There are 2 protein chains.
Amino acid sequence: MRLSYSLLLGLEVDGVLSERQKLILSAVVDNYIQSAEPIGSRSIAKRNDIGFSPATIRNEMADLEEMGFLIQPHTSAGRIPSNKGYRYYVDHLINPQGIKISKDVLNNIRKIFTEQFNEFEQVIEQTATILSEITNYTSIILGPEIFNTKLKHIQIIPLADNSIIVILVTNTGKVEHKTLTIPKGVSSDEIERLVNFLNSKLVGVPLYQLKSKIKSEIYQEFITNFNNYERSMAIIDQLFIDLDQDSDNKVYVGGATNILNQPEFNDLEIIKDIFSLFERTDEVKQLIKPNNKGIEVRIGTENNLETASNCSVITATYEVDGESIGTIGIFGPTRMNYSRVIRILEYLADDFTQFFTRLYK
Amino acid sequence: MRLSYSLLLGLEVDGVLSERQKLILSAVVDNYIQSAEPIGSRSIAKRNDIGFSPATIRNEMADLEEMGFLIQPHTSAGRIPSNKGYRYYVDHLINPQGIKISKDVLNNIRKIFTEQFNEFEQVIEQTATILSEITNYTSIILGPEIFNTKLKHIQIIPLADNSIIVILVTNTGKVEHKTLTIPKGVSSDEIERLVNFLNSKLVGVPLYQLKSKIKSEIYQEFITNFNNYERSMAIIDQLFIDLDQDSDNKVYVGGATNILNQPEFNDLEIIKDIFSLFERTDEVKQLIKPNNKGIEVRIGTENNLETASNCSVITATYEVDGESIGTIGIFGPTRMNYSRVIRILEYLADDFTQFFTRLYK
DNA sequence: ATTAGCACTCACTTAGTAAGAGTGCTAATA
DNA sequence: TATTAGCACTCTTACTAAGTGAGTGCTAAT
């Protein structure tokens with residue numbers, strides 16, 4: 001009776017597969033990514049780069065299943081990759097750098113950055129759209145992070161008797177504007193003095209530090225400089241009240257409907273779950289927030305999100321001065337074309353880094 | 001042999017139905033709106049406000065079908081309203097003013113406007129969300145129209161050596177900002193002079209007139225006032241290039257996933273069509289752009305949009321000084337709770353009008 | 001004018017059957 | 001010993017047939 005080769009050889013250590021097993025795992029994943037159908041031994045044997053009979057492949061597949069890399073949906077079906085299988089595939093079997101991205105696609109990407117108007121929100125929106133078009137998955141982009149964003153300027157424009165528009169400009173080119181209602185009896189002179197004071201004190205401070213800085217350093221000086229300081233403090237509190245929440249870096253989702261073209265999502269309940277996930281911005285942020293700089297791949301349950309348990313997320317960070325300031329992500333089924341998406345995100349993150357660096361300098 | 005009552009009586013004129021026919025049509029529509037199932041004569045007869053036997057009702061229904069108000073999905077099914085039936089129902093059989101909106105719902109609406117921060121984009125976003133929640137349909141809101149928006153102020157903030165942020169503030173409180181790259185060799189002095197000049201000339205001009213005004217009046221004075229006028233003109237052209245397109249009044253969509261809860265949209269192809277429609281902003285705008293002030297109901301094919309041919313759109317305009325400046329809309333199946341939605345939109349449009357009027361004055 | 005009665009239609013459900021893809025095991029082979 | 005051919009077995013999918021039930025239209029009675 002035949003025993004599992006790898007068990008016999010003591011090779012069941014995670015991550016160590018024979019060359020033939022790698023070849024077969026790779027074939028299964030490649031094929032499944034392309035067809036979305038379970039693949040059987042005969043089909044694999046037909047691939048010209050494999051010189052074994054279906055029977056041999058069946059044996060190896062049984063082993064790979066035993067080790068948890070493959071799954072059999074039902075007895076008489078072929079095999080599909082498990083999450084562990086995808087993980088191994090991504091970690092050991094692909095080489096994104098070897099992927100050729102077509103000229104057309106590259107041109108599409110470049111086009112984004114050569115537009116006359118470089119308002120960065122437009123750039124991000126357009127990127128979200130184009131990225132979803134060239135990948136056929138859903139793109140999710142996290143705007144420049146407040147964490148690395150510093151206040152550059154405060155500006156005030158009176159709008160009417162008792163309301164003003166306050167404009168906060170940051171070093172990344174982001175412009176925040178709010179309409180404030182001011183208490184009766186506050187003169188425009190007083191407002192102007194206040195703004196000048198704030199400008200002199202707060203320019204250059206990272207947004208997320210603004211409130212603590214105000215509390216620790218500004219209030220004191222305030223009391224000595226402004227006779228009616230309580231009123232002014234109320235205005236300031238209004239001004240910065242929701243600035244340090246990271247609800248501030250916007251999420252841009254593009255091509256959500258691409259999900260609908262994936263055969264694994266032809267179930268209405270699943271669709272409902274995913275689309276309503278997209279409407280819950282906070283969860284989307286959690287989903288694509290990376291742990292480190294560079295490319296990151298989270299497969300299925302690694303997303304820690306029930307709804308996305310058979311989805312994968314690939315993210316790339318973009319940077320200014322070596323500091324990651326935002327994330328570009330792709331959301332799709334675990335059955336995703338990992339190498340191509342990784343390659344495209346590498347390109348794009350690079351372009352984003354250049355773009356924001358140019359904007360910043 | 002029995003002939004159609006209305007034909008016998010010469011009453012087949014559009015819009016003229018006997019009281020009993022109205023009662024039955026009304027019953028069919030009401031019931032279908034609630035259940036999404038075709039309704040038969042027996043069920044209608046059971047309703048306590050109708051004192052006729054199923055047979056009589058069957059006869060009337062056959063007449064209503066002949067006249068095009070009802071449809072029979074197949075021989076042995078009950079009847080459902082046709083688009084013409086819905087139209088008659090909306091025009092003659094409902095009385096939205098009589099609808100009571102629950103305190104909870106009203107409070108939800110009021111809450112939107114009592115938030116501290118009245119930045120209007122936030123207000124609209126929140127409205128889109130809440131409106132979709134209280135109606136269980138999809139809400140589409142068209143932001144204040146550029147058409148009635150005038151330039152209030154131009155402001156410049158230098159961002160880096162060769163780029164500036166230009167901020168355009170409008171009378172509705174809208175703030176447009178763009179990052180511009182300026183040609184080498186243009187001094188900040190020159191920019192400032194330019195801005196002062198533009199401010200003195202263009203404040204108060206409706207945005208959609210900006211370009212023509214520049215062409216007709218400004219360029220001339222320009223040539224006399226600025227020695228290097230060609231360069232300045234290039235900057236101005238950059239500045240206003242996409243302002244007069246109405247791509248400018250943003251569309252806000254809320255609760256798109258509510259579509260998925262409607263039984264008539266349990267087909268993946270339809271879902272795909274509708275969601276990708278939502279991603280095509282321009283078409284969405286077309287869809288909810290009203291022809292007149294006030295409430296407007298477009299049923300099914302009246303939308304002139306294949307994809308939305310079994311959807312209805314109800315819109316309400318909001319105004320400042322009697323001028324309509326934007327639209328609040330509800331998108332749902334033709335089988336929509338018209339009276340309730342109309343009532344809610346009336347409330348909301350009123351609040352919007354008040355809100356923007358307050359902002360404007 | 002209205003209604004009871006009845007034959008008829010048609011979608012929907014359930015059960016049963018046949019086809020096909022793929023497997024695992026055994027025995028033969030290099 | 002590693003590989004492969006052969007074969008019985010499993011399980012999904014597609015298809016067909018029969019049965020059910022809701023609702024109709026027509027006829028005849030009230």
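No experiment lies behind these values; they were computed from the predicted model shown. Per chain, numbering begins at 1; letters A, B, ... match sequence-line order.
- B:Thr307 places no side-chain N or O within 3.5 Å of a backbone atom of B:Ile274 that could act as its donor or acceptor partner.
- Atom-to-atom, CZ of B:Arg20 to C1' of C:dT3 comes out at 12 Å; the value is rounded to the nearest Å.
- Using a 4.0 Å cut-off, some side-chain N or O of B:Thr56 falls inside it from OP1 or OP2 of C:dT3.
- Picking from D:dT4, C:dT3, D:dC11 the nucleotide with the shortest atom distance to the side chain of A:Ser53 gives D:dT4.
- Residue B:Asn31 contributes atom CG, which lies 14 Å from atom C1' of D:dG23 at whole-angstrom precision.
- Taking the six-membered ring wherever Trp is involved, the centroid distance between the rings of A:Phe331 and A:Phe278 falls below 6.0 Å.
- In B:Glu306, the CD atom is not crowded: 12 or fewer heavy atoms of neighbouring residues, nucleotides or ligands sit closer than 6.0 Å.
- Salt-bridge annotation for A:Glu296 and A:Arg298: present, with a side-chain N of the basic residue lying under 4.0 Å from a carboxylate O of the acidic one.
- In this structure, A:Ile57 places its CD1 atom 14 Å from C1' of D:dA5, rounding to the nearest Å.
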Query raised in the report: Checking side chain to side chain contact (heavy atoms under 4.5 Å, CB included) for the pair A:Tyr32/A:Leu70: CA distance, chi angles, key distance, verdict?
Result: CA-CA 11 Å; A:Tyr32 188 63; A:Leu70 296 180; over 6 Å; no
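- Computed from coordinates, the B:Asp63 CG to C:dA1 P distance equals 12 Å when rounded to whole Å.
- Pairs of residues two or more places apart, or lying in two chains, that qualify as side-chain hydrogen bond (donor to acceptor under 3.5 Å, both in side chains) and include a residue from residues 335-345 of chain A are A:Gln262-A:Arg335, A:Glu264-A:Arg335, A:Ser312-A:Tyr338, A:Arg343-A:Glu346.
- DNA chain C is contacted by both B:Phe52 and B:Pro73; B:Phe52 maps to the nucleotide lying nearer its 5′ end (nearest heavy atom per residue).
- Nearest heavy-atom pair across A:Ala308 and A:Asn303 is O-ND2, 3.5 Å.
- In this structure, B:Gln21 atom CD and C:dA1 atom C1' are separated by 14 Å, rounded to whole Å.
- The bend of the helix from C:dA1-D:dT30 to C:dA30-D:dT1, defined by the angle between the axes of its first five and last five pairs, stands at 20° to the nearest 10°.
- The heavy-atom pair separating B:Leu17 from B:Lys22 by the smallest distance is O-CE, 3.5 Å.
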Report task. Give the B/S/- string for nucleotides 18-24 of chain C, one per nucleotide from 5' to 3', where a protein heavy atom under 4.0 Å of the base yields B, of only the sugar-phosphate yields S, and otherwise -. Result -> ---BSBB
